[in-house]
Amino acid sequence: MKSVQPVQEQPSATAMAPALSDQEFRQIRDWLHQHSGIHLSDVKKSMVVGRLQKRVKALAMPSFQAYLKFINLPTQRQEQQIALNLLTTNETYFFREEKHFNFLQQQVLPAFEQQRQPLRIWSAAASSGEEAYSIALLLAQQLGLAADWQVFGTDINTAVLEKARRALYPIEASQRIAMPLLQAFCLKGVGKEQGRFKMGPELCQHVQFLQANLFDLQAKLPLFDVIFLRNVLIYFELEDKKRIIQNVTRQLKPGGWLLVGHSESIHGYLDTLQQIRPSCYQYKKPVDRQLQE
Ligand SMILES: C[S@@+](CC[C@H](N)C(=O)[O-])C[C@H]1O[C@@H](n2cnc3c(N)ncnc32)[C@H](O)[C@@H]1O
């Protein structure tokens with residue numbers, strides 16, 4: 001009669017979730033900083049557990065240390081991206097910080113209507129697309145769908161960019177959009193899309209999304225008239241914020257505008273950025289400044 005071997009315990013998705021030691025937290029913090037520039041303070045340890053533990057468990061990794069070793073393998077680019085997606089904070093909504101949209105409508109767009117030049121606007125930390133589509137809705141209303149304008153949305157997180165490209169949102173989110181804009185440029189879901197709404201196809205033709213890391217900007221992007229860089233600088237330390245501002249400002253046309261979140265002053269970071277009002281900066285090329293002096 002064969003003897004029964006004791007069953008070796010296999011790590012599985014149902015196994016106990018591993019705990020995160022202080023040392024592992026520091027290693028994850030360094031890894032995230034290296035790949036995105038994002039800084040996690042000590043109080044974010046429980047956030048890291050909350051966001052990564054399920055993944056570590058699903059992959060049957062015995063510890064966070066093992067997961068870190070895994071994502072550091074050059075062959076594991078896909079898993080690196082999953083970890084980045086899990087560790088970024090993506091809160092956003094339509095027409096967030098409305099003052100910037102009023103500024104765009106009242107101060108920036110009238111000049112373009114006269115110049116009849118192509119208009120390029122960048123939502124530089126676009127998350128799931130609400131900011132980029134808010135801009136597009138405004139441009140569609142003010143300049144028309146036939147005019148030459150484009151909105152680019154970029155983010156480091158590929159999961160939110162997928163949502164942005166789908167352009168499909170829960171119907172409750174539409175409450176932040178003015179009724180005339182909804183009626184003119186959005187579609188209400190029916191049948192299996194009941195309870196959702198979608199950006200209309202003509203509007204979507206003016207909007208594109210691609211991945212870009214603001215900390216290490218390699219993406220090929222055009223020059224922009226306006227850049228929305230809102231509610232992202234809060235995740236970086238001072239020197240890294242300055243580096244991001246430099247990267248982003250390189251993509252501005254002379255005279256172009258950089259808009260940051262209302263709680264994110266960048267006053268004094270770059271001589272070439274002139275603050276015109278709180279959170280609104282205009283790019284003056286050095287030569288323009290010399291001419292003025
Ligand atoms: C809180 S959301 C802000 C979304 C939108 N701008 C707004 O104000 O509602 C911040 C976004 O910045 C993105 N992000 C963080 N670090 C980044 C980086 N290094 N490069 C590009 N995007 C980054 C995150 O993935 C996230 O979607």
Side-chain angles (χ1 to χ4, degrees), residues 28-41 44 47-48 51-52 80-104 121-138 151-167 169-170 173 176-177 207-221 224 226-251 257-266 278-281:
I28 291 174
R29 180 162 74 177
D30 293 347
W31 181 87
L32 183 64
H33 182 259
Q34 192 193 335
H35 287 83
S36 69
I38 294 173
H39 169 73
L40 296 177
S41 64
K44 294 289 161 69
M47 183 197 89
V48 169
R51 291 183 179 186
L52 286 186
Q80 287 169 11
Q81 185 62 56
I82 291 172
L84 269 179
N85 290 354
L86 290 169
L87 287 168
T88 56
T89 299
N90 314 110
E91 196 206 333
T92 187
Y93 44 90
F94 289 100
F95 291 96
R96 183 177 192 177
E97 300 192 26
E98 210 181 354
K99 279 185 184 164
H100 285 142
F101 296 95
N102 297 336
F103 178 75
L104 188 64
I121 299 190
W122 181 20
S123 166
S127 188
S128 37
E130 287 87 336
E131 182 176 85
Y133 290 122
S134 301
I135 299 165
L137 286 164
L138 208 67
V151 180
F152 285 69
T154 66
D155 204 283
I156 198 169
N157 180 324
T158 51
V160 288
L161 287 172
E162 266 317 301
K163 281 193 194 167
R165 288 187 192 107
R166 256 178 263 137
Y169 298 96
R176 294 184 180 272
I177 303 176
V207 186
Q208 54 182 290
F209 292 97
L210 59 152
Q211 190 187 25
N213 181 354
L214 298 171
F215 192 56
D216 180 22
L217 201 53
Q218 310 269 346
K220 280 210 163 47
L221 294 165
F224 293 99
V226 186
I227 300 177
F228 282 63
L229 179 72
R230 307 186 315 154
N231 303 303
V232 62
L233 291 172
I234 37 167
Y235 302 108
F236 301 88
E237 289 198 297
L238 183 62
E239 284 313 307
D240 297 333
K241 281 185 202 183
K242 288 184 177 171
R243 171 170 159 172
I244 288 178
I245 293 298
Q246 270 174 355
N247 289 346
V248 166
T249 304
R250 265 185 228 119
Q251 297 301 133
W257 295 94
L258 176 62
L259 310 182
V260 298
H262 282 91
S263 60
E264 302 174 303
S265 169
I266 53 164
S279 76
C280 302
Y281 297 80

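When reading the values below, keep in mind they use all heavy atoms of this one structure, side chains included, and skip hydrogens, waters and symmetry mates. Throughout, residue positions are numbered sequentially from 1 according to the sequence presented. Predicted model, so just to flag it, every value in this text is computed and none were measured. Counting starts at 1 for both ligands and their atoms, in listed order.
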Item to check | Nearest candidate to atom 26 (C) of ligand 1, where distance is taken over non-hydrogen atoms, out of V160, I38, T89, L229 | outcome: T89
Checklist outcome for this item: Checking heavy atoms under 4.0 Å, the part of R230 that sits near ligand 1 is both
Checklist entry - Between the candidates N157, D155, I156, which shows the shortest non-hydrogen contact distance to atom 24 (C) of ligand 1? => result D155
Checklist entry - Are any non-hydrogen side-chain atoms of H262 and H100 less than 4.5 angstrom apart? => result yes
Checklist outcome for this item: Checking heavy atoms under 4.0 Å, the part of F94 that sits near ligand 1 is neither
Checklist entry - Applying a strict 4.0 Å limit to heavy atoms, is F236 in contact with ligand 1? => result yes
Next on the checklist: Is the ring pair F103/W257 parallel, tilted or perpendicular, if the boundaries are 30 and 60 degrees?
Outcome noted: perpendicular
Checklist entry - Considering only protein heavy atoms, which is closest to atom 7 (C) of ligand 1, and at what distance to one decimal place? => result R96 NH1, 3.4 Å
Checklist outcome for this item: In terms of its nearest heavy atom to atom 4 (C) of ligand 1, the top option of A159, A125, A126 is A125
Checklist entry - Using a heavy-atom cut-off of under 4.0 Å, does the side chain or the backbone of F228 touch ligand 1, or both, or neither? => result neither
Item to check | With E162 via salt bridge (charged side-chain N to carboxylate O under 4.0 Å, His left out) - residues at least two apart | outcome: R165
Item to check | Whether S36 lies under 4.0 Å from ligand 1, heavy atom | outcome: yes
Checklist entry - Nearest protein heavy-atom contact for atom 20 (N) of ligand 1: which residue, which atom, what distance? => result L214 N, 2.9 Å
Item to check | Any pair counted as salt bridge (charged side-chain N to carboxylate O under 4.0 Å, His left out), so long as it reaches residues 80-92, sequence neighbours left out | outcome: none
